[in-house]
**Q** 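One structure, as structure tokens, below. Some questions next.
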Amino acid sequence: MHYLQVPGTFPYRGYEQIMSEDKIFTIDIDKVLRDKAGKKSRRIPRFVVNWLKRIIHQDEINEFLHREGDRQGVEWLEDCIGFLDMRLDIRGLENLPRPDDGKRYTFVSNHPLGGQDGVALGAILGKQYNGHIKYLVNDLLMNLHGLAPLCIPINKTGAQNRRFPAMVEAGFNSDNHIIMFPAGLCSRRQKGVVRDLPWNKTFVTKSVETHRDIVPIHFGGCNSDFFYRLASVSKALGIKFNIAMLFLVDEMFKNRHKTFTVKIGKPIPWQTFNRSRTPLQWAAQVQDIVYQL
């Protein structure tokens with residue numbers, strides 16, 4: 001058992017030592033509404049705008065982003081852990097492959113939170129492998145300057161859809177270890193149990209193609225009852241927009257100052273995933289292994 005905690009304080013370097021204002025990505029709800037709705041944005045009641053700012057914690061997030069300035073990669077992730085005041089109870093650390101074994105791995109995990117879990121796993125694995133990690137993430141996260149160098153952006157709509165297969169191919173063929181949340185979305189409550197939706201097969205097929213063993217990881221934790229009710233109601237109403245995603249930052253703040261248990265399983269050799277099952281069936285098998293950790 002290993003505990004990791006990063007103090008929730010940051011060295012203030014002053015604005016003369018960080019990037020200029022125009023290079024720092026910050027959240028600006030007023031600008032987003034103007035860009036999306038144009039002149040119609042003026043008709044949106046001010047209390048709605050202020051509510052949106054509170055839900056996404058605009059002021060607190062922007063203060064952190066300004067304070068971080070040009071910090072990137074694993075250091076940025078460790079600062080996020082401090083900002084969120086997370087304590088990690090890491091079990092099975094001895095199962096992590098040695099950094100010098102000359103092999104590349106795919107690390108797969110359940111996705112219970114949608115925020116802290118990604119930050120924590122990136123920090124743990126990034127430290128273990130000297131920053132040689134890449135996430136497959138929603139392309140919106142590329143706007144975060146500190147996270148961008150660690151990301152392979154995923155957006156299956158629009159122009160990037162044509163580049164998506166090549167980007168995934170390049171990521172798996174690189175010398176970096178890959179971190180994936182195969183469910184795509186964070187966990188949902190189903191029949192009273194918080195669990196990922198069925199995992200997609202990409203991590204299996206690409207790991208076999210590139211001879212990467214797969215390391216299963218289980219991240220403990222859950223979001224609020226409100227979040228799961230909202231997700232269920234949205235699904236029942238057939239709403240295509242992922243409304244629950246709008247509240248993920250608020251859920252992240254609700255989960256501040258908590259301890260999360262991270263269980264790391266033994267690597268599964270890529271040769272395991274033979275033709276006795278389909279890639280989708282193998283993905284379901286690995287998902288079950290994760291929940292048994």
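Residue numbers count from 1 along this sequence.
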**Q** In plain terms, say whether K127 and E78 are close enough for a salt bridge, that is, a side-chain N and a carboxylate O under 4.0 Å apart.
**A**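 No salt bridge links K127 with E78.
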**Q** Run E169 and E209 through side chain to side chain contact (heavy atoms under 4.5 Å, CB included) and show every step you take.
**A** CA-CA 10 Å; E169 191 79 18; E209 285 179 18; 4.1 Å; yes
**Q** So F247 and F226, ring-ring contact (aromatic ring centres under 6.0 Å, His included) or not? Walk me through it.
**A** CA-CA 10 Å; F247 290 84; F226 166 79; 5.1 Å; yes
**Q** For Q285, does its backbone N or O pair with a side-chain atom of R277 as donor and acceptor, under 3.5 Å?
**A**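 Such a contact is absent between R277 side chain and Q285 backbone.
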**Q** Closest heavy-atom contact between A120 and I81?
**A**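 Answer, listing the atom of A120 first, then I81: CA-CD1, 4.3 Å.
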**Q** For the residue pair K53 / N50, report whether a side-chain donor-acceptor contact shorter than 3.5 Å exists.
**A**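 Absent: no donor and acceptor within the cut-off.
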**Q** Between L77 and L150, is any pair of side-chain heavy atoms under 4.5 Å apart?
**A**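 Of all side-chain heavy-atom pairs linking L150 with L77, at least one is under 4.5 Å.
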**Q** For S207 and I214, work out which heavy atoms get closest and say how close.
**A**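 Shortest heavy-atom contact: OG-CG1, 3.8 Å.
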**Q** For K201, does the NZ atom sit with more than 12 other heavy atoms under 6.0 Å from it, leaving out its own atoms?
**A**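 Check fails, neighbour count at 12 or below.
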**Q** Starting at OG of S174, measure out to CD1 of I152 and round the result to the nearest 0.5 Å.
**A**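 With rounding to 0.5 Å, OG (S174) is 6.0 Å from CD1 (I152).
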**Q** Give the C-alpha distance, both sets of side-chain angles, the deciding distance and a yes or no for side chain to side chain contact (heavy atoms under 4.5 Å, CB included) between D225 and R189.
**A** CA-CA 9 Å; D225 289 338; R189 178 178 287 158; 2.8 Å; yes
**Q** Using modelled atom types only, decide if a donor and an acceptor are shared between the side chain of R188 and the backbone of V193 within a distance under 3.5 Å.
**A**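 Here the side-chain-to-backbone pair does not exist.
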**Q** Do H211 and R104 have side-chain heavy atoms sitting under 4.5 Å apart?
**A**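 Answer no - side chains too far apart.
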**Q** Is it true that atom CD of Q58 has more than 12 heavy atoms of other residues, nucleotides or ligands lying nearer than 6.0 Å?
**A**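 Correct, the count exceeds 12.
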**Q** Do D117 and H111 meet the criterion of a side-chain donor-acceptor pair at a distance under 3.5 Å?
**A**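 Yes, H111 and D117 have a side-chain donor paired with an acceptor closer than 3.5 Å.
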**Q** From Y135 OH over to M180 CE, what is the distance, rounded to the nearest 0.5 angstrom?
**A**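 If we round to the nearest 0.5 Å, Y135:OH and M180:CE are 13.5 Å apart.
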**Q** If you round to the nearest 0.5 Å, how far is OG1 of T205 from CG of L280?
**A**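 L280 CG to T205 OG1: 10.5 Å, rounded to 0.5 Å.
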**Q** A quick test of your reading: do over 12 heavy atoms of other residues, nucleotides or ligands sit less than 6.0 Å from NZ of K254?
**A**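 For K254, atom NZ is crowded (more than 12 foreign heavy atoms under 6.0 Å).
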**Q** Any side-chain heavy atom of H218 within less than 4.5 Å of one from Q292?
**A**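 Contact flag for H218/Q292 side chains = no.
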**Q** Can you see which heavy atom on P182 is nearest to which on N200, and at what distance?
**A**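 Taking P182 first and N200 second, the nearest heavy atoms are O-ND2, 2.8 Å.
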**Q** Hey, does L248 have a side-chain heavy atom less than 4.5 Å from the side chain of N223?
**A**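 They are in contact (side-chain heavy atoms under 4.5 Å apart), so the answer is yes.
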**Q** Using every non-hydrogen atom in the two residues, find where F227 and C186 come nearest and quote the distance to one decimal.
**A**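 Scanning both residues, the minimum pair turns out to be CZ-SG, 3.5 Å.
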**Q** Tell me, please, whether W76 has R71 positioned over its six-membered ring: NZ or CZ under 6.0 Å from the ring centre and within 45 degrees of its axis?
**A**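 Because its charged atom misses either the 6.0 Å distance or the 45° angle limit, R71 does not stack over W76.
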**Q** Got a donor-acceptor contact below 3.5 angstrom from the W270 side chain to the Y105 backbone?
**A**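 Checking the backbone N and O of Y105 against the side chain of W270, no donor-acceptor pair under 3.5 Å is found.
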**Q** Does I29 form a side chain to side chain contact (heavy atoms under 4.5 Å, CB included) with V49? I'd like the steps, not just the answer.
**A** CA-CA 7 Å; I29 288 297; V49 177; 4.1 Å; yes
**Q** Whether R212 engages the ring of F203 as a cation-pi pair (distance to the six-membered ring centre under 6.0 angstrom, angle to the ring normal within 45°) should be assessed.
**A**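 The answer is no, since R212 fails at least one limit relative to F203.
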**Q** Does D79 form a salt bridge (charged side-chain N to carboxylate O under 4.0 Å, His left out) with R67? I'd like the steps, not just the answer.
**A** CA-CA 10 Å; D79 286 352; R67 186 177 296 174; over 6 Å; no
**Q** State whether D89 and K263 are salt-bridged, where the test is any N-O pair (Lys NZ or Arg NE/NH1/NH2 against Asp/Glu carboxylate O) under 4.0 Å.
**A**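 Here D89 does not pair with K263 in a salt bridge, since their nearest N and O are not under 4.0 Å apart.
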**Q** Quick check: does any side chain N or O of K134 sit under 3.5 Å from a backbone N or O of P149, one acting as donor and the other as acceptor?
**A**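 Pair found, side chain donor or acceptor close to backbone of P149.
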**Q** For the atom pair CG (L293) and CZ (R91), what is the distance rounded to the nearest 0.5 Å?
**A**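 Output value for this atom pair is 11.5 Å.
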**Q** Any non-hydrogen side-chain atom of R87 less than 4.5 Å from a side-chain atom of K258?
**A**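 No - every pair of side-chain heavy atoms lies 4.5 Å or more apart.
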**Q** How would you list all residue pairs meeting side-chain hydrogen bond (donor to acceptor under 3.5 Å, both in side chains) that involve residues 177-186, not counting sequence neighbours?
**A**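 Of all non-adjacent pairs touching residues 177-186, none passes side-chain hydrogen bond (donor to acceptor under 3.5 Å, both in side chains).
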**Q** Look up atom CD1 in I90 and atom CG in L121, then write down how far apart they are to the nearest 0.5 Å.
**A**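 So the gap between those two atoms works out to 9.0 Å.
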**Q** Indicate if F172 and W199 have the same hydrophobic cluster label, given that clusters are the connected sets of ILVMFWY residues with side-chain heavy-atom separations under 4.5 angstrom.
**A**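 Hydrophobic grouping puts F172 with W199.
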**Q** Are F64 and F253 connected in a single hydrophobic cluster, I mean Ile/Leu/Val/Met/Phe/Trp/Tyr linked by side-chain heavy atoms less than 4.5 Å apart?
**A**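 As far as the 4.5 Å side-chain criterion goes, F64 and F253 are connected within one cluster.
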**Q** What I want to find out is whether K266 reaches D213 closely enough, with some N-O distance under 4.0 Å, to be called a salt bridge.
**A**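 Here K266 does not pair with D213 in a salt bridge, since their nearest N and O are not under 4.0 Å apart.
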**Q** Does NZ or CZ of R195 come closer than 6.0 Å to the centre of the six-membered ring of Y291, within 45° of the ring's axis?
**A**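 Verdict for Y291: a cation-pi partner in R195.
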**Q** Looking at G146, is its backbone amide N or carbonyl O close enough to the side chain of E68 to form a donor-acceptor pair, meaning the two atoms are under 3.5 Å apart?
**A**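 No; zero donor-acceptor contacts below 3.5 Å.
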**Q** More than 12 foreign heavy atoms under 6.0 Å from CG of D101: is that the case here?
**A**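 Yes.
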**Q** Would you say D196's side chain and A183's backbone share a donor-acceptor pair under 3.5 angstrom?
**A**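 Checked: no pair found.
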**Q** Under the 3.5 angstrom rule, does the side chain of E63 hit a backbone N or O of E60 as a donor-acceptor pair?
**A**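 Looks like no, no N/O pair under 3.5 Å.
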**Q** Looking at side-chain heavy atoms only, is the closest gap between L52 and I56 below 4.5 Å?
**A**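 When only atoms from C-beta onward are counted, I56 and L52 do not touch, as no gap falls below 4.5 Å.
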**Q** Does a side-chain N-to-carboxylate-O contact under 4.0 Å join D59 and R54?
**A**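 No, D59 and R54 are not salt-bridged.
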**Q** Are D250 and H57 close enough, and set up right, to give a side chain to side chain donor-acceptor pair (under 3.5 Å), and what steps lead you there?
**A** CA-CA 7 Å; D250 193 48; H57 296 260; 2.8 Å; yes
**Q** Decide side chain to side chain contact (heavy atoms under 4.5 Å, CB included) for H132 and D175; before the verdict, give the C-alpha distance in whole Å, the side-chain angles of both, and the deciding distance to 0.1 Å.
**A** CA-CA 7 Å; H132 293 294; D175 291 330; 5.9 Å; no
**Q** Can you tell if the side chain of V194 reaches within under 4.5 Å of the side chain of Y228, non-hydrogen atoms only?
**A**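 V194 reaches Y228 side chain to side chain.
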**Q** Kindly compute the distance separating OG1 (T202) from CD1 (I178), expressed to the nearest 0.5 Å.
**A**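 If I round to the nearest 0.5 Å, the distance is 12.0 Å.
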**Q** Return the orientation label for the Y129 and F107 ring planes: parallel under 30°, perpendicular over 60°, tilted otherwise.
**A**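 If you compare the ring of Y129 with that of F107, the planes turn out tilted.
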**Q** Among the clusters formed by ILVMFWY side chains lying less than 4.5 Å apart, do L147 and F181 turn up in the same one?
**A**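 L147 clusters together with F181.
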**Q** So, for P216 and V290, which heavy atoms are closest and what is the spacing to 0.1 Å?
**A**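 So the minimum-distance heavy-atom pair works out to CB-CG2, 3.7 Å.
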**Q** Quick one: does P112's side chain get under 4.5 Å of F260's, heavy atoms only?
**A**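 No, too far: nothing below the 4.5 Å cut-off.
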**Q** Where is the tightest heavy-atom contact between L197 and Q287, given as atom of each residue plus distance?
**A**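 Looking at all heavy atoms of both residues, the shortest contact is O-NE2, 3.4 Å.
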**Q** Do F47 and L33 sit in the same hydrophobic cluster, where Ile, Leu, Val, Met, Phe, Trp and Tyr count as joined when their side-chain heavy atoms come under 4.5 Å apart?
**A**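 Same cluster: F47 reaches L33 through Ile, Leu, Val, Met, Phe, Trp or Tyr contacts under 4.5 Å.
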**Q** So if you build clusters from Ile, Leu, Val, Met, Phe, Trp, Tyr with side-chain heavy-atom gaps below 4.5 Å, do L113 and L185 land together?
**A**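 Shared cluster, no.
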**Q** Taking S234 for its side chain and L230 for its backbone only, find out whether a donor-acceptor pair lies under 3.5 Å.
**A**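 Yes, the answer is positive, given that a donor and an acceptor are paired below the 3.5 Å cut-off.
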